[in-house]
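To keep things clear, I will list the structure first and then write my remarks on it.
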4 protein chains.
Amino acid sequence: MSETLQRRQIFRLSRERRVADIMEAAKAVFLEKGYQEALISEIAARADVVEGTIYRYFENKRDLMIKVVERWYDEMLSDFDQQLKGIRGTWNRLRFMIWKHLVTIEREPALCRLVFQELRPGPEYTSTMVFELNREYTKRTLEIIEAAMASGEFRKDVPLRVVRDLIFGCVEHHTWSYIRGIGTIDVDKTADTIAEIIYRGLAATPVRDDSDLATRLERAVERLEKLNPPEA
Amino acid sequence: MSETLQRRQIFRLSRERRVADIMEAAKAVFLEKGYQEALISEIAARADVVEGTIYRYFENKRDLMIKVVERWYDEMLSDFDQQLKGIRGTWNRLRFMIWKHLVTIEREPALCRLVFQELRPGPEYTSTMVFELNREYTKRTLEIIEAAMASGEFRKDVPLRVVRDLIFGCVEHHTWSYIRGIGTIDVDKTADTIAEIIYRGLAATPVRDDSDLATRLERAVERLEKLNPPEA
Amino acid sequence: MSETLQRRQIFRLSRERRVADIMEAAKAVFLEKGYQEALISEIAARADVVEGTIYRYFENKRDLMIKVVERWYDEMLSDFDQQLKGIRGTWNRLRFMIWKHLVTIEREPALCRLVFQELRPGPEYTSTMVFELNREYTKRTLEIIEAAMASGEFRKDVPLRVVRDLIFGCVEHHTWSYIRGIGTIDVDKTADTIAEIIYRGLAATPVRDDSDLATRLERAVERLEKLNPPEA
Amino acid sequence: MSETLQRRQIFRLSRERRVADIMEAAKAVFLEKGYQEALISEIAARADVVEGTIYRYFENKRDLMIKVVERWYDEMLSDFDQQLKGIRGTWNRLRFMIWKHLVTIEREPALCRLVFQELRPGPEYTSTMVFELNREYTKRTLEIIEAAMASGEFRKDVPLRVVRDLIFGCVEHHTWSYIRGIGTIDVDKTADTIAEIIYRGLAATPVRDDSDLATRLERAVERLEKLNPPEA
DNA sequence: GATGAATGAGAATTCATTCAT
DNA sequence: GATGAATGAATTCTCATTCAT
């Protein structure tokens, strides 16, 4: 009661350092509380700054949230294109895209929840980096399909949009409860299953059976391809 | 405004009638504004009652929203089982379930948005009639799959959960922008496409076979050749 | 949902019976919840009438509470005067008044709480039967003191008001936590102690010691008096 | 009202000053209206801040009330211990404690009313500074009694709790109507009287003795005679 | 650049009481 | 006499954002 209230020591940190501190604190609070429940005051307290300082670096609460999600999303997906280049075969490449999406969700369910429930429904979503990255990711996925259609591996009479919806819709629906904190997901098995169904569903040449000679050879080749990537 | 000091003319209506009036007004306001933006005062004004009257029939704003959604959902899905009984064949039955879901969204996108964005994320969702009805709907859908597996029409090595996620995830992902009020959906064509891909994806006996062994082996070899090009 | 809402069977009961039902229900609810928290709707439900009916018999919630307390208070204190007549000796009579007060509190702490915390602080208290009965009770108590002063047993230089405050203040302070539902009270012992201190405090002739001859004789006589009450 | 659309002129005061302003305003409003009737909006208006500002410094209305009472209580009782040290003799010390209590009530009856009627009945009372201070005050009072018992000045067969209840119960009962704004109290005289009665009530050696054995025996006999009258 | 005090609009909810039926 | 639907005033507390210092 006597003299506990003394002026906070003011540290002048570099802009980058301040921004990083705030984003880290914001990430933690957003993940714990969700967007609505998160308080600017708590973020400020955890970042060891006052509320006003946050507004020097971020326009408003929503902007802060978007920036937090964007940075993470970027880190998460930055390398997928590089990795994809090392994979050969429609099935493998398709499976990789599904697997990557699942892994992303598995690693950061709370952030994905933020994206799905807070960021995506908002009106500014399309002007977001997250939107851009998703678009890129979707584009790559559909390129795999297009290539397979061009080569005759897949039927050509299927709208790409629906394929996109099958893939991403299924993954999101599947991880729904995991994202809410209930249960677990088996990333590898699920990726296999989804890839298999969609592959078969689109295949021009029916995938008769796993014991089928041609199939087995094709899979063997695909595995070979993965082991010896051409340029990587 | 002219006579603020006198008691509003009291009309005594039956419970049913009042409830119906309030729910109608609430539905309109919720669909126009969304849950958060909807004001109890506006609902009351439109239903021509005072705010307190709403609280005689509904516990709170959220309860009101849930009741509104539930009633509509019930009406919407009440007959699907009856209709399904008249349809034969796995493909047709599967397509019907997908089609029904699409039609529901097409007819009431704003209500679906309420369900997807407001009701489902909430903690009380699982104790909701909407949850029950969805569960029922999903059960019927998977029964079609199970029957086809039992009869040998579908492969047996696919987890039902993933099939469920493919179907409903795809439909929801596909209607995403329509629900936000952007664009249109072609219910029939989409139902066809989704049903077709999933059917083929699960079929035990390949649907068609327009590729011969030799062709496939050649393609595999070509890919192998590309992998280890002569000049490397 | 089908037909549970049917018109309540209307029983026409005598006025007395209705009032009794409502008061009983009200007493229960007031004691459980306190005045503020008690709901007219709950009282109505327990009495098996609708809210409106309560207002036919009682002016308002406060009036109902007062009536409930009054009836009980009346029952509780109705016989004290009769009992007092059977008791002889200043000490014994004083002790009886204290004991009676303590017993009242011990038997109905929740009702006393209502009186002390809700009824007494209100502005209408003095026009209440409870006030009248208390006044009566206080009057009898002070008559004992006055008589003892007149006979020379007590000093005459003590304001009666202070004696009143000592007696009732002490009892209420002593039972404070018991009334809040904490702990117990030993009515007999406490009555003895309080009576003894006040008696000695007021005694003209000092109460020297318990071994003092006169005191012992007086006490013996008092016990004799109690054993053979004149008219009871 | 003339300029509702522009931001109120902001005056930045130190935390201490603002808190002091708010507490002063709150004290005034609580004393005038009582806790229930007091409006945060009125307190804000009097302190010349907006309502939100109050919530920056106080958790809620109740917290504000408690803080207001605590500060005053602390000021009021802070010096009693010091003063007590200067007083010698059981009677004098006892009288001082009673007198101090009476003076406190006389000076701030409205605040006492707040304590007795709002603060003390609440569930958080025991975690309050007021509770602590009262406990301290009571302890000091009983130490006087204990010392007198130890020295043989007072009888040892009286439970301290009852002595505490006599003192504080009597004072509170005595000031009851003054606290409600009716009448006056004569602090000095009342303190004398209460101290005297309690002192005599507890004294081991009788204070005075102006009545002889013969008289007392005669009185006892008279009473016996009345009890069994010759004609019965 | 940092501070942190101050803003201020809101908006759901309660429940005693009334009175048309 | 009983019903019970309807009234409606009234008030706390939140917290993102601003801006004087």
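The side chain of D/Tyr57 lies closest to E/dA6, out of E/dA6, F/dA5, E/dG8. Closest to the side chain of D/Val49, out of F/dA2, F/dT3, E/dT7, is E/dT7.
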Q: Step by step, work out the side-chain contact (heavy atoms from CB on, under 4.5 Å) result for A/Tyr73 and A/Cys112.
A: CA-CA 9 Å; A/Tyr73 221 71; A/Cys112 288; 5.8 Å; no

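Applying the side-chain contact (heavy atoms from CB on, under 4.5 Å) rule to A/Arg46 yields the partners A/Ala25, A/Ala28, A/Val29, A/Glu32, A/Glu42; only residues at least two apart in sequence or on another chain are considered. Scored by the side chain to side chain donor-acceptor pair (under 3.5 Å) test, D/Lys67 finds D/Asp63 as partners (sequence neighbours excluded). Applying the side-chain contact (heavy atoms from CB on, under 4.5 Å) test to C/Ser41 and every residue at least two apart in sequence or in another chain returns C/Leu39, C/Glu51.
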What nitrogen or oxygen pairs link the protein and nucleotides 10-12 of chain E at under 3.5 Å?
from: E/dA12; atom 1: OP1; to: B/Lys61; atom 2: NZ; distance (Å): 3.4

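Salt bridge status for A/Glu124 with A/Arg62: present, with a side-chain N to carboxylate O gap under 4.0 Å. With salt bridges taken as basic N to acidic carboxylate O contacts below 4.0 Å, none links D/Glu108 and D/Arg113.
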Q.
Reading 5' to 3' and counting Watson-Crick or G-U wobble pairs with both distances under 3.5 Å, write the dot-bracket notation for DNA chain E, | for bases paired outside the strand.
A. .||||||||||||||||||||

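In this entry the distance linking CD of D/Glu37 with C1' of F/dA10 reads 11 Å, nearest Å. Spacing between atom NZ of A/Lys33 and atom P of F/dC15 amounts to 10 Å, rounded to whole angstrom units. Going from atom CD of B/Glu42 over to atom P of E/dT13 covers 16 Å, rounded to whole Å. In this structure, D/Tyr35 atom OH and F/dT12 atom C1' are separated by 10 Å, rounded to whole Å. We find that CG of D/Asp63 is positioned 13 Å from C1' of F/dC13, with the value rounded to whole Å. The nearest whole Å value for the distance from the CD1 atom in A/Ile22 to the C1' atom in E/dT3 is 13 Å. Straight-line distance from the CZ atom of C/Phe58 to the P atom of E/dT17: 13 Å, rounded to whole Å. Note: CG (D/Leu64) to C1' (F/dC13) measures 13 Å, nearest angstrom.
Across every non-hydrogen atom of C/Tyr57 and C/Val19, the tightest pair is CD2-CG2, 3.7 Å. Shortest non-hydrogen contact noted between C/Glu70 and C/Val130 is CG-CG2, 3.8 Å.
B/Val49 is not listed as a side-chain neighbour of B/Asp21, based on a closest heavy-atom distance of 4.5 Å or more. The side-chain heavy atoms of A/Gln117 and A/Arg180, taken from C-beta on, include a pair separated by under 4.5 Å.
Ring-plane geometry between A/Tyr35 and A/Phe30 is classed as parallel, the angle between the planes falling under 30 degrees on a 0 to 90 degree scale with a further cut at 60.
Distances shorter than 4.0 Å separate none of the side-chain N or O atoms of C/Arg56 from OP1 or OP2 on F/dT3. The phosphate of E/dT7 (OP1 or OP2) has a side-chain N or O of D/Thr53 nearer than 4.0 angstrom. When the side-chain nitrogen and oxygen atoms of D/Arg18 are compared with OP1 and OP2 of E/dA6, one or more of them lie within a distance under 4.0 Å.
With the nearest nucleotide of DNA chain F identified for both D/Arg62 and B/Ile54, B/Ile54 has the one nearer the 5' end.
Using a distance-only test at 3.5 Å, with no hydrogens or angles considered, a donor-acceptor pair links the side chain of A/Lys61 to the main chain of A/Ala38.
Non-hydrogen atoms lying under 4.0 Å from DNA chain E are contributed by nothing in residues 119-128 of chain C.
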